[in-house]
Amino acid sequence: MEYNFRDIEQKWQAYWKNNNTYKTEIDPAKPKYYVLDMFPYPSGAGLHVGHPLGYIASDIFSRYKRLQGFNVLHPMGYDAYGLPAEQYAIQTGQHPAVTTKINIARYREQLEKIGFCYDWDREIRTCEPDYYHWTQWAFVQMFNHYFNTKLQKAQPISGLVKAFETVGTEGIQASCTEELNFTSTEWKAKSEKDQQEILLNYRIAYLADLKVNWCPALGTVLANDEVSEGLSVRGGHPVEQRVMRQWSLRVSAYAQRLLDGLSTIDWTESLTETQKNWIGRSEGAELRFDIKGQDFNFEVFTTRADTIYGVTFMVLAPESELVKQVTTPEQASEVEAYLDATKKRTERERLADRRVTGVFSGSYAINPVSGTEIPIWISDYVLAGYGTGAIMAVPAHDNRDYAFAKHFNLPIIPLIEGCDVSEESLDAKEGIMMNSGFLNGLTVKEAIAKAKEYIAEKQLGRVKVNFRLRDAIFSRQRYWGEPFPVYYKEGMPYMLDESKLPLELPEIDKFLPTEKGEPPLGRAKNWETQDHFPLELCTMPGFAGSSAYYLRYMDPKNDKALVSPEANQYWRNVDLYIGGTEHATGHLVYSRFWNKFLFDLGIICEDEPFKKLINQGMIQGRSNFVYRIKDTNTFVSLNLKDKYETTQLHVDVNIVSNDILDTEKFKNWLPDYANAEFILEDGKYICGWAVEKMSKSMYNVVNPDDIVEKYGADTLRLYEMFLGPLEQSKPWDTNGIDGVHRFLKRLWSLFYKDGNLLVSDETPTADELKILHKTIKKITFDIENFSYNTSVSAFMICVNELFTLKCSKRGILEPLSILLAPFAPHVAEELFYVLGNEGTVCDAIFPVCNEEYLKESAIKYPISFNGKVRFMLELPADMSKEDVEKAALANELTIKQLDGNSPKKVIVVPGKIVNIVL
RNA sequence: GCCCGGAUGGUGGAAUGGUAGACACGAAGGACUUAAAAUCCUUUGGCUUCACGGCUGUGCGGGUUCAAGUCCCGCUUCGGGUACCA
């Protein structure tokens with residue numbers, strides 16, 4: 001009987017479905033384990049072979065944990081809202097809900113073919129009302145809470161209102177957009193509208209006028225992580241800065257907790273680093289500068305308080321509100337012109353062209369420490385959104401200030417002994433201070449500390465921590481997203497009552513903005529409350545639905561709550577999360593924020609959502625090339641191409657095998673090539689190759705369905721793991737897949753020969769047991785360490801050795817089939833079944849290594865001289881160190897090597913090696 | 001610029017400081033076959049030797065060590081992230 005993977009895989013996939021093998025329920029008798037994949041966006045292109053890499057890895061771990069007796073939660077769903085479906089809808093008129101449904105069906109079909117152990121009863125789709133009900137609900141909670149900076153947690157906004165009523169802003173410790181000051185009397189005197197406006201300054205979900213990334217091509221604003229180098233991450237369209245009234249989430253309030261939490265979770269170092277940089281904590285001082293001849297002052301943030309004596313000018317961001325106040329009448333027209341010019345420049349232009357630009361405001365500030373007068377300039381190299389939007393410039397020790405000073409011919413005062421600032425600034429925090437009054441003679445490090453102390457003591461400012469992390473802009477002027485549960489009364493936003501949730505996405509006639517330029521929801525009929533208050537026209541961004549989806553899997557059908565306390569307390573949080581690094585500063589920040597917020601509310605019991613996180617590498621494409629001789633339809637094989645003048649052309653990798661082109665398929669591939677002729681080498685056409693991004697245009701996309709069709713799901717699973725370390729990026733190269741398939745056939749041949757079952761009940765020999773237990777040990781270790789490529793090797797070695805011994809004994813093959821089940825579940829099920837077992841291999845018990853079987857009676861010692869191995873010497877395993885040394889020295893080959901000399905030293909590592917130093 | 005991660009045969013890759021190249025692909029040779037496929041066996045880092053063997057070898061240059069792909073220092077180079085963040 002042949003290894004008929006098609007029948008086997010069909011049979012067991014049907015069995016799993018019919019027997020609910022992967023249905024998961026709360027079971028207090030068992031320890032839980034939650035394994036999660038980053039759920040996919042169901043694109044129209046379907047899955048390519050890169051997608052399953054992480055899914056296979058998590059599937060192996062899920063199955064392994066189950067075999068070890070854990071109650072494993074391993075769900076899958078779809079991140080179903082998003083731009084591509086809507087762009088497609090604009091082009092074709094096809095409703096995004098329809099295309100999304102089709103795409104999901106395709107994904108599901110592809111995923112099922114690979115044999116994952118997902119509990120499909122828990123599937124979620126972010127675009128379904130019973131799911132986004134809870135996205136909207138969470139938003140309402142964020143609106144109703146503020147962040148208490150003293151408690152470092154979210155608190156009901158009602159508490160803040162109470163405080164305003166009794167003491168005003170006195171002693172308020174709340175994260176806010178801007179510092180406000182008013183008394184309780186003032187608060188009470190305000191209109192409802194004004195009070196609401198003030199509360200927006202504190203709410204965790206708030207509406208505010210913000211400088212945002214506006215993408216005209218997509219017709220929407222984007223969050224910081226959705227923009228890279230002035231272009232939208234999706235589509236690569238230019239992005240410009242605009243001030244718009246937008247919903248935002250006060251993620252920045254959680255900056256410190258997001259940072260602290262990183263040390264409590266087991267993520268890769270590179271990922272925690274990326275998040276740390278994104279959060280960007282910097283410790284420094286906020287320093288107050290008076291303005292000459294005026295009765296107001298302003299503050300700057302600096303991490304280099306030690307350089308206060310080197311400040312030769314100040315710079316304000318063009319958007320800073322101070323600009324108006326400091327501009328003198330004489331400079332007004334020049335400043336005006338500059339502001340106009342900068343406004344016209346897009347973010348991209350500013351980044352591409354780093355010319356030094358700026359204008360003098362006409363005013364002078366007073367150095368609070370030295371008392372000197374320093375000019376105040378305006379320049380776009382200072383960002384309005386960071387710190388106070390104003391800086392003190394120290395050209396000698398900051399390269400940006402240096403460039404500015406050189407350009408406008410401003411003084412440069414060096415502050416470090418022996419430094420040369422004639423060509424460039426000295427930015428490093430090292431050296432001994434000079435020209436710095438009370439700081440002279442100190443090291444930079446000491447000076448920073450002393451200066452901060454001084455500033456605090458003299459009340460010139462205060463010690464301050466700044467974060468780079470910004471609030472997340474939460475409005476999108478698009479259709480295909482969650483509607484906000486928001487209506488407007490006198491222009492102020494109010495939340496819908498929870499009983500009105502979910503607020504369902506309405507139908508519209510066209511997926512485009514209205515003639516008035518409103519978002520697409522402006523087209524919806526009766527888009528208002530029962531009392532005729534208008535509803536919000538924006539929808540939520542992509543990360544809204546993905547921020548708490550892992551919680552919903554715990555209790556996906558609950559219509560009373562996001563997750564019940566029982567389900568949450570049992571499943572707690574994700575034990576193992578596998579996905580790509582591209583979410584490092586987006587989803588993985590927002591999810592942690594969202595989780596912490598719900599934790600503050602007592603809805604969930606864990607402060608961090610993902611305990612352990614592994615990033616699978618990207619699967620790159622491996623493109624193949626053919627070489628057409630110029631002006632002909634003749635193609636020349638790779639190693640002969642240099643003899644001709646050729647053009648390199650991409651060829652579909654699916655008609656190439658082991659870099660050999662199927663010339664007949666090539667002729668049928670594209671009409672142009674129907675009459676192609678070939679110059680072959682050794683009767684074959686060899687293609688060139690290169691590693692490129694996997695994309696349609698490179699003709700290097702490989703569909704997992706094709707691999708499953710040709711080799712079976714088990715081969716695909718094993719091969720994807722065999723390709724290399726999980727976390728490493730690697731090209732998809734089908735060249736090695738035959739070896740993995742051969743392995744399965746060889747395994748099969750231990751069970752069957754010529755259609756007869758070979759399995760016997762004979763007692764296994766010591767050698768056979770050693771092979772088995774060596775493999776158990778290795779596989780267990782490798783799974784725990786996610787070293788799946790070496791596991792596959794270990795299986796191959798095991799089967800090769802059993803094959804050599806012609807071992808078909810049940811006592812070996814049965815544990816082996818269980819061991820293999822996480823990796824190749826279909827064939828494992830079948831083999832487990834033919835061995836006479838009932839039910840599924842999923843309910844078996846993972847074999848445990850018995851060290852007794854691994855004991856060796858003899859060890860082959862490599863005998864090395866000065867570290868170079870010269871020969872092997874077999875000695876009893878229990879021989880003492882001294883006896884090993886004696887035996888090694890007494891050996892005639894040693895005597896020959898020594899050549900009459902006596903060794904200087906002999907190193908014996910018992911069980912390992914002998915090194916003789918000459 | 002800054003922060004991470006790499007660099008090992010023709011290819012993918014393996015190697016708790018202890019025999020570098022496991023396992024696999026590819027290639028070469030052979031068996032079976034009318035033939036092909038499939039399967040099985042042998043060889044396969046480089047140089048050298050009839051052979052035993054020897055020399056050399058993990059991007060480059062140093063160092064630590066009885067022993068270095070592995071640890072340390074200094075480079076080269078390729079990926080990834082991030083950036084007027086004061």
Side-chain angles (χ1 to χ4, degrees), chain A residues 2 228-229 268-278 280-282 284 300-304 307 315 317 350-351 354 356 379-383 385-394 397-401 403-404 427 466-470 581-582 584-585 615 617-618 620 622 658-660 689 691 718-719 722-725 727-743 745-746 749 781 787 789-798 800 803 860-872 903-909 911-918:
Chain A
E2 291 280 293
S228 176
E229 299 187 353
T268 59
E269 199 191 312
S270 76
L271 196 64
T272 42
E273 272 309 310
T274 304
Q275 286 218 345
K276 265 185 204 164
N277 293 340
W278 188 258
R281 184 182 204 270
S282 78
V300 300
F301 176 73
T302 180
T303 54
R304 294 293 303 272
T307 60
V315 188
R350 266 192 53 211
L351 287 170
R354 292 200 178 175
V356 176
S379 172
D380 66 1
Y381 84 92
V382 173
L383 302 178
Y386 185 77
T388 62
I391 62 154
M392 58 179 224
V394 185
H397 302 292
D398 182 286
N399 61 63
R400 297 155 302 184
D401 298 345
F404 195 84
D427 292 19
N466 255 330
F467 292 94
R468 208 192 71 115
L469 184 72
R470 304 298 160 78
T581 39
E582 66 272 21
T585 55
N615 293 122
M618 276 232 304
Q620 297 146 308
R622 187 181 188 276
N658 291 338
D659 292 335
I660 297 164
W689 62 274
V691 173
L718 287 171
Y719 186 59
F722 189 57
L723 223 42
E727 303 193 29
Q728 190 175 302
S729 282
K730 55 230 158 189
W732 176 262
D733 175 358
T734 321
N735 286 349
I737 198 165
D738 289 308
V740 172
H741 192 64
R742 239 168 252 160
F743 153 73
K745 285 200 276 192
R746 184 169 272 204
S749 78
F781 180 83
S787 178
N789 55 329
T790 53
S791 312
V792 178
S793 298
F795 279 121
M796 288 173 170
I797 293 167
C798 174
N800 286 346
F803 183 83
K860 275 190 181 166
Y861 277 94
I863 311 297
S864 59
F865 295 82
N866 289 341
K868 280 182 189 173
V869 176
R870 283 289 113 109
F871 63 93
M872 306 298 287
K904 284 205 189 94
K905 200 173 177 184
V906 179
I907 312 274
V908 176
V909 184
K912 275 270 155 66
I913 198 166
V914 177
N915 190 20
I916 298 168
V917 186
L918 299 176

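Naming convention: chains lettered A, B, ... in sequence-line order (proteins, then strands); numbering from 1 in each chain. Computed from a predicted model, the values in this text were never measured in an experiment.
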Sugar-phosphate only, base, or nothing, as touched by A:Pro725 at under 4.0 Å among non-hydrogen atoms: sugar-phosphate
Residue whose closest nucleotide on RNA chain B lies nearer the 5' end, A:Gly739 versus A:Arg470: A:Gly739
Phosphate OP1/OP2 of B:A86: any A:Tyr386 side-chain N/O under 4.0 Å: yes
Pairwise side-chain contact, A:Phe404 with A:Asp398, heavy-atom cut-off 4.5 Å (strictly under): no
Pair A:Ser282-A:Asn466, side-chain donor/acceptor within less than 3.5 Å: no
B:G63 glycosidic torsion: syn (within 90° of 0) vs anti: anti
Criterion side-chain contact (heavy atoms from CB on, under 4.5 Å) on A:Ile916 and A:Arg870, from CA distance to verdict: CA-CA 10 Å; A:Ile916 298 168; A:Arg870 283 289 113 109; over 6 Å; no
Plane angle bin for A:Phe301 and A:Tyr386 - parallel if under 30°, tilted between 30 and 60°, otherwise perpendicular: perpendicular
Rounded distance in Å - CG (A:Asp733) to P (B:U11): 12 Å
Rounded C1' spacing from B:A7 to B:G53 in Å: 33 Å
Between B:C3 (P) and A:Glu273 (CD): distance, integer Å: 10 Å
Integer angstrom distance from the C1' of B:G59 to that of B:U8: 10 Å
Sugar-phosphate, base or nothing in reach of A:Met872, heavy atoms under 4.0 Å: base
Nucleotide nearest A:Phe722 (side chain, heavy atoms from C-beta), chosen from B:C66, B:A24, B:C84: B:A24
From B:C4, B:A86, B:G18, nucleotide with atom closest to A:Glu269 side chain: B:C4
B:U44 - base-pair partner by Watson-Crick or wobble geometry, distances under 3.5 Å: B:G26
Touch class at under 4.0 angstrom, heavy-atom based, for A:Asp427 against every strand present: nothing
Watson-Crick or G-U counterpart of B:C60, or none if no pair lies under 3.5 Å: B:G74
Pair partner, B:U39 [Watson-Crick or wobble, under 3.5 Å]: B:A31
Under-4.0 Å side-chain N/O to phosphate OP1/OP2 contact, A:Asn399 with B:C84: no
Under-4.0 Å side-chain N/O to phosphate OP1/OP2 contact, A:Arg742 with B:C25: yes
side-chain N/O A:Ser282 vs B:A86 OP1/OP2, d < 4.0 Å: yes
Residue-phosphate contact under 4.0 Å: A:Gln728 side-chain N/O, B:G13 OP1/OP2: yes
Candidates B:G26, B:U16, B:C3 - which lies nearest the side chain of A:Asp738: B:G26
A:Thr790, nearest nucleotide to its side chain (from B:C84, B:G54, B:A15): B:A15
Nearest-nucleotide pick for A:Asn800, side chain only, options being B:C4, B:A24, B:C55: B:A24
Phosphate OP1/OP2 of B:G12: any A:Lys730 side-chain N/O under 4.0 Å: no
Nearest-nucleotide pick for A:Thr585, side chain only, options being B:U16, B:C55, B:U82: B:U82
Any A:Lys745 side-chain nitrogen or oxygen under 4.0 Å from OP1 or OP2 of B:U39: yes
Below 4.0 Å: OP1/OP2 of B:C40 and any side-chain N or O of A:Arg746: yes
Aromatic plane relationship, A:Trp732 with A:Tyr719 - under 30° parallel, 30 to 60° tilted, over 60° perpendicular: perpendicular
Assigned partner base of B:A15, Watson-Crick or wobble definition, under 3.5 Å: none
Separation of the P atoms in B:A28 and B:A37, to the nearest angstrom: 13 Å
P atoms of B:G61 and B:A22, separation to the nearest Å: 26 Å
Value in whole Å for how far the C1' atom of B:C4 lies from NZ of A:Lys276: 12 Å
Touch class at under 4.0 angstrom, heavy-atom based, for A:Val909 against every strand present: base
Closest non-hydrogen atom pair, A:Tyr861 against A:Gly911: OH-N, 2.7 Å
Nearest-angstrom distance from the residue atom CZ of A:Phe404 to P of B:A86: 19 Å
Gap in Å between the two P atoms, one belonging to B:C25 and one to B:U70, rounded: 30 Å
Side-chain donor/acceptor of A:Asn915 to base of B:C66, under 3.5 Å: yes
Test log, rule side-chain contact (heavy atoms from CB on, under 4.5 Å), inputs A:Phe781 and A:Thr790: CA-CA 10 Å; A:Phe781 180 83; A:Thr790 53; over 6 Å; no
Nucleotide paired to B:G79 in any strand shown, Watson-Crick or G-U, under 3.5 Å: B:C4
Nucleotide B:U11, atom P - distance to CH2 of A:Trp732 in whole Å: 20 Å
Residue A:Ser270, side-chain atoms from C-beta onward, closest of B:C4, B:C84, B:U82: B:C4
C1'-based separation of B:G80 from B:C71 [nearest Å]: 26 Å
Nearest to side-chain heavy atoms of A:Leu383, which nucleotide of B:G18, B:C84, B:C41: B:C84
Rounded P spacing from B:G46 to B:G9 in Å: 12 Å
Note, A:Asn866 side chain near A:Val917 side chain (heavy atom, < 4.5 Å): yes
N/O donor-acceptor pair under 3.5 Å between A:Ser379 side chain and A:Ala317 backbone: no
d(CZ, A:Phe803; P, B:C40) in whole Å: 5 Å
Proximal nucleotide (of B:C66, B:U16, B:G81) relative to the A:Thr274 side chain: B:G81
Nearest-nucleotide 5' precedence on RNA chain B, A:Val869 against A:Leu723: A:Leu723
Span that lies between the C1' atom of B:U76 and that of B:C60, in whole angstrom: 6 Å
Sub-4.5 Å side-chain heavy-atom contact between A:Met392 and A:Asp401: no
Among B:G5, B:U56, B:U82, the one nearest A:Lys868 by side-chain distance: B:U56
Between B:G13 (C1') and A:Ile797 (CD1): distance, integer Å: 13 Å
Separation of atom CD1 in A:Ile907 from atom P in B:C66, rounded to whole Å: 7 Å
